[in-house]
Participant: 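Okay, here's the structure, questions in a sec.
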Protein chains: 2
Amino acid sequence: MAKRVRGSRTGRPIMALLDLLGRRWVLRIVWELREQPKRFRELQDLIGASPTIVNGRLGELRLARLVELDPDSGYRLTALGKELLRLFLPLHVWSEKWAKALD
Amino acid sequence: MAKRVRGSRTGRPIMALLDLLGRRWVLRIVWELREQPKRFRELQDLIGASPTIVNGRLGELRLARLVELDPDSGYRLTALGKELLRLFLPLHVWSEKWAKALD
DNA sequence: GAGTTTACTACATAAACTGTAGCGTGTCCC
DNA sequence: GGGACACGCTACAGTTTATGTAGTAAACTC
């Protein structure tokens with residue numbers, strides 16, 4: 001069986017994924033890594049969360065093989081992480097429409 | 001300016017959206033509503049969270065116009081919510097691939 | 001009017017997050 | 001060698017947020 005990332009009581013991958021992504025700062029971290037790798041402190045300053053939690057989330061994302069640490073450049077998305085990001089890119093455009101609808 | 005859903009300190013819709021979705025149970029609730037409307041208790045039982053938090057999240061989702069309560073059938077996605085869900089559907093397939101990669 | 005079903009709330013306990021300070025390692029420079 | 005710096009990361013007290021159980025109030029059913 002696949003490594004459980006967390007909370008996948010059901011064992012269904014979609015639930016594990018929703019659980020992983022549905023935790024504070026995780027989506028945001030993936031988003032901030034969309035273009036270039038970022039250093040720990042840089043990431044922390046960008047998102048404005050405590051180092052404790054940034055470190056914790058990066059650990060979970062590394063376990064999930066979505067993020068990796070390259071000593072030379074910093075934290076970056078893995079191939080798997082980039083695939084996931086690609087699925088999320090349409091959100092950017094949609095969010096603008098959504099914001100207008102909320103007016 | 002658009003109603004802030006929360007934490008959109010920047011005013012950028014994508015950040016507000018990532019913040020809304022990146023809170024425990026929110027993605028899961030949207031996911032559970034993907035097919036039919038669900039009653040409050042039904043939803044609560046399905047996801048296994050406390051009524052306090054289910055109610056709180058539903059309130060936020062209603063403010064964000066992604067979910068609405070139809071007295072006859074229960075909580076359901078709005079047109080906007082369905083659009084968002086459509087963007088998320090590819091996650092289902094991808095999550096299977098991801099789970100295999102974690103083996 | 002007693003029993004059900006509904007959405008939702010109160011509240012004490014437990015878990016998670018924050019903010020600040022600081023550790024340990026490596027590297028560069030004199 | 002020794003000082004300054006950048007790096008990832010950790011400790012910990014204080015605050016915020018979530019949990020779990022119980023229960024409320026309104027609408028319907030018989």
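Below, all heavy atoms of this structure are taken into account, side chains as well, without hydrogens, waters or symmetry copies. Just so we're on the same page: letters track the sequence lines, and every chain starts at 1.
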Participant: Roughly how many Å is it from CZ in A:R24 to P in D:dA18, rounded to a whole number?
Facilitator: 8 Å
Participant: Whole angstroms only, please: what is the CG-P distance between A:L58 and D:dC7?
Facilitator: 15 Å
Participant: In sequence, state the C-alpha distance, the side-chain angles, and the governing distance for B:L27 and A:D19, and then conclude on side-chain contact (heavy atoms from CB on, under 4.5 Å).
Facilitator: CA-CA 8 Å; B:L27 278 172; A:D19 189 57; over 6 Å; no
Participant: How long is the line joining CG of A:D70 and P of D:dG8, in whole Å?
Facilitator: 11 Å
Participant: What pairs of donor and acceptor atoms, side-chain ones from residues 79-94 of chain B against any protein atom, are under 3.5 angstrom apart with sequence neighbours left out?
Facilitator:
| residue | atom | partner | partner atom | Å |
| --- | --- | --- | --- | --- |
| B:E83 | OE1 | A:W94 | NE1 | 2.8 |
| B:E83 | OE1 | A:K97 | NZ | 3.1 |
| B:E83 | OE2 | A:K97 | NZ | 2.9 |
| B:W94 | NE1 | A:E83 | OE1 | 2.7 |

Participant: Measure from CZ on A:R28 to P on C:dT18 and round the result to the nearest Å.
Facilitator: 12 Å
Participant: Which listed nucleotide (C:dG19, C:dC17, C:dC11) is nearest to the side chain of A:T52?
Facilitator: C:dG19
Participant: Looking at A:R23, does any N or O in its side chain come under 4.0 Å of the phosphate oxygens OP1/OP2 on C:dA16?
Facilitator: no
Participant: Counting primed atoms plus P, OP1 and OP2 as sugar-phosphate and everything else as base, spell out the protein contacts along nucleotides 23-30 of chain D at 4.0 Å heavy-atom distance: B, S or - for each nucleotide, 5' to 3'.
Facilitator: B-------
Participant: Between B:T78 (side chain) and B:R65 (backbone), is there a donor-acceptor pair under 3.5 Å?
Facilitator: yes
Participant: Output the rounded distance in Å from CG (A:L43) to P (D:dG8).
Facilitator: 9 Å
Participant: Looking at every non-hydrogen atom in both residues, tell me the closest pair between B:A49 and B:Q44 and how far apart they are.
Facilitator: O-CG, 3.3 Å
Participant: A side-chain contact here means heavy atoms from C-beta on lying under 4.5 Å apart; do B:L61 and B:V30 qualify?
Facilitator: yes
Participant: Using side-chain contact (heavy atoms from CB on, under 4.5 Å), reason through B:L58 and B:L43 one step at a time and then give a plain yes or no.
Facilitator: CA-CA 10 Å; B:L58 283 172; B:L43 209 43; 4.0 Å; yes
Participant: Look at the side chain of B:S50 and decide which nucleotide, out of C:dT18, C:dA21, D:dG20, has an atom nearest to it.
Facilitator: D:dG20
Participant: Answer whether the closest heavy-atom distance between the side chains of A:V67 and A:L33 falls below 4.5 Å.
Facilitator: yes
Participant: With the side chain of A:R39 defined as its heavy atoms from C-beta on, choose the nearest nucleotide among D:dA18, D:dT10, D:dC7.
Facilitator: D:dC7
Participant: Starting the side chain at C-beta, find the nucleotide from D:dA18, C:dG19, C:dT9 nearest to B:N55.
Facilitator: C:dT9
Participant: Heavy atoms from C-beta onward define the side chain here; which of D:dG8, C:dA16, C:dA7 lies closest to that of B:F40?
Facilitator: C:dA7
Participant: Between D:dG20 atom C1' and B:W25 atom CH2, what is the distance in whole Å?
Facilitator: 13 Å
Participant: Grab the CD-P distance between A:Q44 and C:dC17 for me, whole Å please.
Facilitator: 15 Å
Participant: Can you tell me how far P of D:dG8 sits from CZ of A:R76, to the nearest Å?
Facilitator: 14 Å
